Amino acid sequence: MQKNDQADKFIIPIGPQHPALKEPGHFEFTVDGEIVTGATIRLGYVHRGIEKATESRTWVQNLYLLERVCGICSHIHATAYCLGVERLAGLSVPPRAQAIRELVVELERIHSHMLWLGVAAHEAGFDTLFMYSWRDRETVMDILEGLTGNRVHYSANILGGVKIDVDAEQTKTILQGVDFLEKRTHHYLDVVTTDSAFVQRTAGIAVMSKAVAEHFGAVGPTARASGVTQDIRIDAPYLAYEDFPVEIVLDTAGDLKARFVVRVQELFQSYQVIRAILDKLPAGELAVTMPRRIKENETISRVEAPRGELFYYLKSNGTDKPERIKIRTPSICNFGTVPALAAGHQLADMPMILAGIDPCFSCNDRMVTIHRPADDSQTWTWEMLRQYGISYYREKER
Amino acid sequence: MIGEILKGMSITFKTMFQPPTTVSYPEVKKPVAERFRGRHELKRYDNGLERCIGCSLCAAACPADAIFVEAAENTDEERYSPGERYAKVYEINMLRCIFCGYCEDACPTEAVVLEKNYELASYSRESLIYTKDMLLVPHPADIQKTA
Ligand code: SF4
Ligand code: SF4
């Protein structure tokens with residue numbers, strides 16, 4: 001991700017450990033005075049080798065491992081994996097289980113978007129909004145703890161269904177919480193659109209046109225704030241999104257303010273869909289039995305994570321362990337837009353621009369293999385490298 | 001601008017009279033949810049016999065390989081559980097455990113249950129391997145003695 005045109009200019013290196021965000025990443029900003037003229041991002045400090053680790057674990061064990069790819073959107077990872085594995089194994093999951101999964105997914109989206117609202121406000125120096133939004137976020141955290149047993153890694157899914165049920169009492173607390181959050185969300189929408197000190201930091205900053213968003217392959221709310229009509233929940237409904245649909249939230253402004261508005265508006269969609277699910281929760285079983293082994297096959301699974309499209313590729317080989325699992329998280333798609341948007345802005349805007357894509361560092365650090373044609377001058381075999389090394393040192397000796 | 005500052009200050013002013021949201025942990029503890037998954041306990045029947053029959057199903061189910069069970073035969077002189085076998089060694093490595101609750105679901109006798117304790121920090125790795133003595137709930141007779 002390079003966009004450093006003027007290498008002779010002053011470069012400010014930031015990170016990998018830095019106070020702006022809580023996760024490691026290295027940034028180099030070329031500046032002309034206070035104005036950023038180019039930016040380079042280096043990722044990969046929190047690569048954990050999860051994909052490789054899945055190959056030595058059983059299908060069931062991987063569910064828990066993959067749930068831990070991300071600490072914020074953990075359930076959506078487990079769900080994407082479950083949907084894929086269930087397709088591989090040819091299971092049909094009971095409608096009640098799918099609806100409960102969708103319920104937890106949407107609750108998780110609320111928690112993720114509110115977390116982001118707080119973080120982004122904090123980057124803008126608006127710590128009051130940060131504190132208030134995180135205080136209110138506790139409501140949804142408590143709901144999730146009550147529903148699933150844990151605040152972060154819910155373990156609500158099992159292969160073939162869900163582990164938890166929703167009873168009348170749970171329904172009541174969820175609805176109460178959602179009502180409270182809806183009231184607060186109206187307030188936050190008001191704040192992010194009208195508070196002039198805050199709007200000065202967001203309106204017209206980091207404007208991304210629809211063409212740029214599509215060029216860099218942006219996904220999720222970041223893309224929708226630039227008018228890209230893409231939401232997997234609508235484009236390719238999974239879980240119970242056919243019965244309990246959401247409406248797409250779009251904004252065409254493409255600036256930071258639009259990203260705030262889109263994410264806050266999406267909260268209302270989540271509230272609406274949670275109410276719909278709780279109102280008409282299908283009756284029936286919670287899970288079907290999952291076979292231990294899966295015959296040789298491959299599949300993909302796409303879901304809409306809070307940050308955008310999450311993509312899983314799964315390959316089975318007839319044993320109880322997967323042959324290959326490939327994960328493509330939404331943050332990696334959105335990161336490309338940051339260097340493009342940075343140029344021309346104040347250095348002080350950089351944390352906000354970065355936070356605007358709602359980056360998640362650890363979940364996007366995966367290995368990328370680039371396939372090049374064999375006769376490409378940049379592809380070197382081991383033998384060629386060795387010969388090059390030998391002749392290089394011979395030259396030097398002389 | 002002035003109007004907005006006043007609007008903001010009015011929120012601050014109103015919030016001043018609300019009780020604080022912060023919980024002064026560890027003096028005050030927030031109750032956990034009914035379904036909370038904390039530290040495990042090995043349960044007993046009302047008559048004091050251990051529920052665990054040493055079948056190792058929990059260990060097989062555990063995605064993190066955190067449980068180790070070694071079973072032994074019950075004899076009439078030394079009876080721990082109602083069945084033929086009991087768990088002679090039962091260890092959970094709390095450093096490995098991810099508190100998923102799969103062991104609880106796998107257990108045929110509802111012996112291992114994730115309870116409400118979440119204060120598991122320790123100074124050494126060794127002390128985080130919980131043995132059967134630590135996990136097993138006290139015998140009902142012992143509770144009466146101390147009470
Ligand atoms: S809670 Fe999960 S990780 Fe912990 S011991 Fe039980 S099955 Fe293993
Ligand atoms: S705790 Fe339950 S599953 Fe584990 S060995 Fe004992 S009886 Fe078997």
Side-chain angles (χ1 to χ4, degrees), chain A residues 53-54 56-68 74 78 126 128-129 131-132 134-139 141-159 162-167 169-170 173 187-188 190-191 194-200 286-287 292, chain B residues 1-16 18-23 25 28-41 57-67 93 95-107 112-118 120:
Chain A
T54 57
S56 57
R57 284 171 173 75
T58 63
W59 292 105
V60 176
Q61 288 179 327
N62 281 331
L63 174 61
Y64 297 95
L65 181 66
L66 292 169
E67 191 168 21
R68 280 153 181 81
S74 57
F126 193 176
T128 323
L129 179 59
M131 292 287 172
Y132 284 161
W134 278 39
R135 176 194 67 191
D136 296 336
R137 176 175 160 265
E138 278 306 299
T139 315
M141 299 307 279
D142 286 344
I143 290 176
L144 281 165
E145 185 186 323
L147 187 63
T148 66
N150 266 7
R151 281 166 58 95
V152 181
H153 295 302
Y154 321 116
S155 304
N157 281 325
I158 49 176
L159 293 175
V162 285
K163 201 156 70 175
I164 50 155
D165 201 1
V166 186
D167 55 26
E169 194 147 322
Q170 301 271 0
T173 36
H187 173 66
Y188 294 135
D190 183 46
V191 171
T194 61
D195 186 281
S196 65
F198 190 62
V199 170
Q200 274 174 19
L286 284 181
R292 233 163 64 82
Chain B
M1 196 70 189
I2 296 284
E4 276 179 6
I5 292 176
L6 288 178
K7 193 174 150 197
M9 292 313 272
S10 78
I11 292 178
T12 313
F13 188 72
K14 266 187 259 161
T15 319
M16 268 177 3
Q18 285 173 10
T21 323
T22 322
V23 179
Y25 182 83
V28 185
K29 282 178 196 161
K30 209 175 145 200
V32 292
E34 183 56 33
R35 293 180 180 177
F36 183 77
R37 297 189 298 268
R39 175 192 181 281
H40 312 62
E41 278 180 10
L57 281 178
C58 52
C62 177
D65 279 340
I67 307 182
N93 187 341
L95 291 169
R96 289 197 69 97
C97 177
I98 55 173
F99 299 95
C100 61
Y102 225 55
C103 47
E104 190 177 45
D105 296 343
C107 180
V112 60
V113 179
L114 276 84
E115 282 296 346
K116 306 276 177 284
N117 185 0
Y118 51 85
L120 301 170

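In what follows, chains carry the letters A, B, and so on, assigned in the order in which the sequence lines appear, proteins first and then strands, with residues in each chain numbered from 1. In this text, all values refer to a predicted model and were calculated from it rather than measured experimentally.
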Inset, instruction - For residues 141-154 of chain A, pull every pair meeting salt bridge (Lys or Arg N to Asp or Glu O under 4.0 Å), keeping only residues two or more places apart or in separate chains. - result: A:Glu138-A:Arg151, A:Asp142-B:Lys30
Legend entry - Most chain A-contacting option - heavy-atom pairs closer than 4.5 Å, from B:Thr15, B:Ile5, B:Val32: B:Thr15
Legend entry - Side chain, backbone, both or neither of B:Glu34 within contact of chain A (heavy atoms, under 4.5 Å): neither
Legend entry - Qualifying residues under ring-ring contact (aromatic ring centres under 6.0 Å, His included), relative to A:Tyr132, sequence neighbours excluded: none
Inset, instruction - Assess whether atom CD of B:Gln18 is packed by more than 12 heavy atoms of other residues, nucleotides or ligands within 6.0 Å. - result: yes
Inset, instruction - Heavy-atom distances under 4.5 Å only: say whether A:Arg68 touches chain B with side chain, backbone, both or neither. - result: side chain
Legend entry - CA sep, side-chain torsions, deciding dist, call: A:His153, B:Ile98, side chain to side chain contact (heavy atoms under 4.5 Å, CB included): CA-CA 9 Å; A:His153 295 302; B:Ile98 55 173; over 6 Å; no
Inset, instruction - Give the intermediate values and the outcome of side chain to side chain contact (heavy atoms under 4.5 Å, CB included) for residues A:Ser155 and B:Arg37. - result: CA-CA 10 Å; A:Ser155 304; B:Arg37 297 189 298 268; 3.6 Å; yes
Inset, instruction - Side-chain contact test, heavy atoms from C-beta onward, threshold under 4.5 Å: evaluate it for A:Asp195 versus B:Lys7 and give yes or no. - result: no
Inset, instruction - Could you tell me whether B:Tyr25 atom OH has more than 12 heavy atoms of other residues or ligands within 6.0 Å of it? - result: yes
Inset, instruction - Could you look at A:Gln170 and say if it's the side chain, the backbone, both or neither that has a heavy atom under 4.5 Å from chain B? - result: side chain
Legend entry - Heavy-atom contact with chain A under 4.5 Å, split by part of B:Leu114: neither
Legend entry - Segment of A:Thr194 engaging chain B (4.5 angstrom heavy-atom cut-off): both
Inset, instruction - Answer with side chain, backbone, both or neither: which region of B:Tyr118 has an atom nearer than 4.5 Å to a non-hydrogen atom of chain A? - result: neither
Inset, instruction - Without swapping roles, check the side chain of B:Arg35 against the backbone of A:Leu147 for a donor-acceptor pair under 3.5 Å. - result: yes
Inset, instruction - Mark yes when over 12 heavy atoms from residues, nucleotides or ligands other than B:Met9 sit less than 6.0 Å from its CE; otherwise mark no. - result: no
Inset, instruction - Enter the distance from B:Asp105:CG to A:Ile158:CD1 here, rounded to the nearest 0.5 Å. - result: 7.5 Å
Legend entry - Worked verdict on A:Met131 versus B:Thr21 for side chain to side chain contact (heavy atoms under 4.5 Å, CB included): CA-CA 10 Å; A:Met131 292 287 172; B:Thr21 323; over 6 Å; no
Inset, instruction - Go through the steps for A:Lys163 and B:Glu104 under the test side chain to side chain contact (heavy atoms under 4.5 Å, CB included), then give the verdict. - result: CA-CA 12 Å; A:Lys163 201 156 70 175; B:Glu104 190 177 45; over 6 Å; no
